[in-house]
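Only heavy atoms go into these numbers, but all of them, side chains included; no hydrogens, no water, no symmetry mates.
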Amino acid sequence: MERNLTADQLALFEKEFASNPQYRVMQNAVTQTPVNSIALDRQVVTSMDHSVSNLLDDWKVTNQKKSGRCWLFAGLNLLRAGAADKLGVKDFEFSQNYLLFWDKFERSNFFLEAIIETSERDADDRTVAHLLSDPIGDGGQWNMFVALVQKHGLVPKSAMPETESSSATAQLNDALRKLLRQGARDLRALDTDDARRDRKREILTTVHRVLSIHLGTPPQKFLWQWKDSDKGFHRDGWTTPTEFAAAYVQLPVDEYVCLVHDPRETSPVGRTFTVDFLGNVIDAPPVVYLNVEIDLIKQLTQDAIVGGEPVWFGCDVGKQMNSDLGFWDAKLYDYGAVYDTEFTLDKAERLVHHETLMTHAMLFTGVDVVDGKPRRWRVENSWGDEKADSGFWTMNDSWFGEHVFEVAVRRSALPADLQARLDEAPIVLPAWDPMGALADQA
């Protein structure tokens, strides 16, 4: 075939389509009905329900609304069950807005420092271009969540409740992107480190002001009192965010490590990795993860749930997903039958060819175990309670293997040889590597 498509060649494509009555039937169906309604595999759907043999959740789901804060919600959801138990209440929420404020502020500083570090490079350098492409999105990863909690602590939702802009971050992010790109221009034009630091301080002063206008001012101290489930009154008195976190976080978040499944040939199993310029808090421990086989990730996740702990995880949420039913299965939709073709990229090939990356973080709160193996998983999402099982979703194990990328588990749960690997210097991936993707699906 020639490079250009001639009229005769176009006519052949049209003839090939018109010659098959099945294609016309599909055309009639898809032009009048969403393709997902046609491709949905009824046999998969009827084989699923929301029951599991090991269930942890007895609380209500949260709602990130029109924001990409899933990783913050998932992290706080992991911690809130222990806090609710200690407080003697049924449901409890830490302030997601509080961590959002400090993530935006810390990430602004992180971005400006990266711009200073790369200021001698051309603006069209691939790393610089990547930094400028999205200087202040909502997304994040597990290590970034831990860095915020360790530096800034936590507060109850009542101490810094949601605002219009925390629940719908688009306008806030737009203003911050303008400020930071403008700041990047200014910093790159300066010649001395002192001048850059002075300008950075001015930029951050404005960033703090914008954040305070949109999100409110984070409390330095607050009076903490509450009623328990039996209507008993309690008062802890005035406390700081770090004191509150120390008192009510029951899980040692700094002992958790990040495991990923990256099956690319260039990513050896049993090695640690980091991604250039990935993070939010300067001088916090870097974002480091250990690449392991997916079966080990499943086993450790199952063991944690059976042992009574939910598990934070990251995945490519939109693949083979039905949001009304709250189901995921690797073959939930048979698109091949609709289009009379095959979709053959495996997980590694999808990473290489930009067909997948981590888009969303959630919490495993249950597992259905049959003969010692997981059959399906229960997931606490942060998209409200209107769909699925009051906001709790169900994932068949086939989907876990194909579309889950990352989990956070206790270091002590790993085999001894892999614990030792965590102390090795990580391989540094470029800033644009797909494993540096930030979970931000609203």
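- Looking only at atom types and distance, the side chain of Thr356 has a donor-acceptor partner in the side chain of Asp316 under 3.5 Å away.
- Lys86 forms a cation-pi arrangement with Tyr248, by the criterion of a distance under 6.0 Å to the ring centre and an angle within 45° of the ring axis.
- Side chain of Trp71 to backbone of Met362: no donor-acceptor contact under 3.5 angstrom is found.
- Side-chain contact between Leu180 and Ser108: present, with at least one pair of heavy atoms (C-beta onward) separated by less than 4.5 Å.
- Under a 3.5 Å cut-off, the side chain of Thr301 and the backbone N or O of Ile297 do form a donor-acceptor pair.
- Contact record, Ala29 with Ile38: CB-CD1, 3.5 Å, taken as the closest heavy-atom pair.
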Between side-chain atoms of residues 275-288 and protein atoms elsewhere (two or more places apart, or another chain), which donor-acceptor pairs fall under 3.5 Å?
from	atom 1	to	atom 2	distance (Å)
Asn280	ND2	Asp103	OD1	3.0
Asn280	ND2	Met144	O	3.3

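- Distance alone, capped at 3.5 Å, places no donor-acceptor pair between the Arg375 side chain and the Val367 backbone.
- When all heavy atoms of Ile136 and Arg177 are compared, the pair lying nearest together is CG2-CG, 3.5 Å.
- At a cut-off of 3.5 Å, with distance as the only test, no side-chain donor of Ser267 or Asn291 sits close to an acceptor on the other residue.
- There is a side-chain donor-acceptor pair under 3.5 Å between Thr242 and Thr240.
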Apply the test side chain to side chain contact (heavy atoms under 4.5 Å, CB included) to residues Phe273 and Asp433: give CA-CA distance (whole Å), side-chain angles for both, the deciding distance (0.1 Å), then the verdict.
CA-CA 11 Å; Phe273 292 82; Asp433 190 90; over 6 Å; no

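- The residues Lys373 and Asp371 are annotated as not salt-bridged, no charged nitrogen and carboxylate oxygen being separated by less than 4.0 angstrom.
- Within the 4.5 Å cutoff, side-chain heavy atoms of Leu215 are placed close to those of Leu172.
- Listed by chain and residue number, Leu55, Trp59, Thr365, Arg378, Phe392 satisfy the side chain to side chain contact (heavy atoms under 4.5 Å, CB included) test with Asp57 (two or more places apart in sequence, or in another chain).
- Inter-residue side-chain proximity for Leu100 and Gln96 is flagged as unmet; no heavy-atom pair is nearer than 4.5 Å.
- Of the N and O atoms on the side chains of Asp329 and Ser398, at least one donor lies less than 3.5 Å from an acceptor on the other residue.
- Counting only distance, with no hydrogens or angles, the side chain of Gln141 and the backbone of Ala437 share a donor-acceptor pair below 3.5 Å.
- For the residue pair Pro434 and Leu351, the shortest heavy atom distance occurs at CG-O, 4.0 Å.
- Val404 has its side chain out of reach of His261: every pair of non-hydrogen atoms, C-beta onward, lies at least 4.5 Å apart.
- Looking at every heavy atom in both residues, Val311 comes nearest to Ala408 through CG1-O, 3.8 Å.
- Between Thr274 and Leu429, the closest side-chain pair of non-hydrogen atoms is not below 4.5 Å.
- A distance-only check finds a donor-acceptor pair linking the side chain of Arg69 to the backbone of Ser166 [under 3.5 Å].
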Determine, stepwise, if the pair Trp393 / Trp328 fulfils ring-ring contact (aromatic ring centres under 6.0 Å, His included).
CA-CA 8 Å; Trp393 291 48; Trp328 292 286; 4.7 Å; yes

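- Exactly one of Leu78, Val257, Leu259 qualifies for a side-chain contact (heavy atoms from CB on, under 4.5 Å) with Trp142. That residue is Leu78.
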Go through His208 and Phe105 one step at a time and tell me if the ring-ring contact (aromatic ring centres under 6.0 Å, His included) criterion holds.
CA-CA 7 Å; His208 191 280; Phe105 192 67; 5.4 Å; yes

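- Side-chain atoms of Asp228 and His234 form a donor-acceptor pair, as typed in the model, at a separation below 3.5 Å.
- In this structure, CG on Leu332 lies 8.5 Å from CG on Asn36, to the nearest 0.5 angstrom.
- In the displayed structure, Glu202 atom CD is contacted under 6.0 Å by more than 12 heavy atoms of other residues, nucleotides or ligands.
- A side-chain donor-acceptor contact under 3.5 Å links Glu349 to the backbone of Asp346.
- For Gln299 and Asp303, the side-chain atoms include at least one donor-acceptor pair closer than 3.5 Å.
- Salt bridge absent: Glu162 and Lys65 never bring a charged side-chain N and a carboxylate O closer than 4.0 Å.
- Checking each of Phe244, Phe145, Trp102 against His152 for a ring pair (Phe, Tyr, Trp, His ring centres under 6.0 Å) leaves exactly one that passes, namely Trp102.
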Going by atom type alone, with no hydrogens or angles, which donor-acceptor pairs under 3.5 Å involve a side-chain atom of residues 411-418 and a protein atom two or more places apart or on another chain?
from	atom 1	to	atom 2	distance (Å)
Arg411	NH2	Gln419	O	3.0
Arg411	NH2	Asp423	OD1	3.0
Arg411	NH2	Asp423	OD2	3.2

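- Within 6.0 Å of the CD atom in Glu243, the count of heavy atoms belonging to other residues, nucleotides or ligands exceeds 12.
- Ion pair Asp385/Lys60 not flagged as a salt bridge, since none of the NZ, NE, NH1 or NH2 atoms sits closer than 4.0 Å to an Asp/Glu carboxylate oxygen.
- The side chain to side chain contact (heavy atoms under 4.5 Å, CB included) search around Gln171 returns none, not counting sequence neighbours.
- Of the N and O atoms on the side chains of Tyr289 and Asn143, not one donor lies less than 3.5 Å from an acceptor on the other residue.
- Taking the six-membered ring where the residue is Trp, Phe313 and Phe364 present parallel rings, their angle staying beneath 30° rather than reaching 60°.
- Distance alone, capped at 3.5 Å, places no donor-acceptor pair between the Asp125 side chain and the Arg121 backbone.
- Side-chain contact annotation: Arg80 with Thr62, donor-acceptor N/O pair under 3.5 Å absent.
- Taking all atoms of both residues into account, the shortest heavy-atom contact from Lys90 to Ala84 is O-CB, 4.3 Å.
- With hydrogens and angles left out, the side-chain atoms of Asn97 and Lys157 include no donor and acceptor closer than 3.5 Å.
- Using modelled atom types, one finds no donor on one side chain facing an acceptor on the other under 3.5 Å when comparing Asn396 with Lys331.
- Neither side chain, Ser382 nor Asn63, offers a donor N or O lying under 3.5 Å from an acceptor on the other.
- Between the side chains of Lys347 and His403, no donor-acceptor pair is found at a separation under 3.5 Å.
- Formation of a donor-acceptor pair under 3.5 Å by the Thr33 side chain with backbone atoms of Val30 is not found in this model.
- With sequence neighbours excluded, the residues forming a side chain to side chain contact (heavy atoms under 4.5 Å, CB included) with Glu424 are Arg271, Arg421, listed by chain and number.
- Judged purely by atom type and a 3.5 angstrom limit, Glu106 has no side-chain atom pairing as donor or acceptor with the backbone of Phe101.
- Between Tyr335 and Tyr339, the ring planes are parallel. Angles under 30° get that label, and only those over 60° would be called perpendicular.
- Take Lys66 and apply the side chain to side chain contact (heavy atoms under 4.5 Å, CB included) test, not counting sequence neighbours, and it matches Ala168.
- The pair Lys387-Asp324 counts as a salt bridge, with a side-chain nitrogen and a carboxylate oxygen less than 4.0 angstrom apart.
- With hydrogens and angles left out, the side-chain atoms of His360 and Asn381 include a donor and acceptor closer than 3.5 Å.
- Put simply, the side chain of Thr272 does not reach to within 4.5 Å of the side chain of Ile427, judged on heavy atoms.
- Neither side chain, Trp377 nor Asp368, offers a donor N or O lying under 3.5 Å from an acceptor on the other.
- Ser167 places no side-chain N or O within donor-acceptor distance of the main-chain N or O of Glu164, the cut-off being under 3.5 Å.
- The two residues Ala442 and Gln64 come nearest to each other via the heavy atoms CA-NE2, 3.5 Å.
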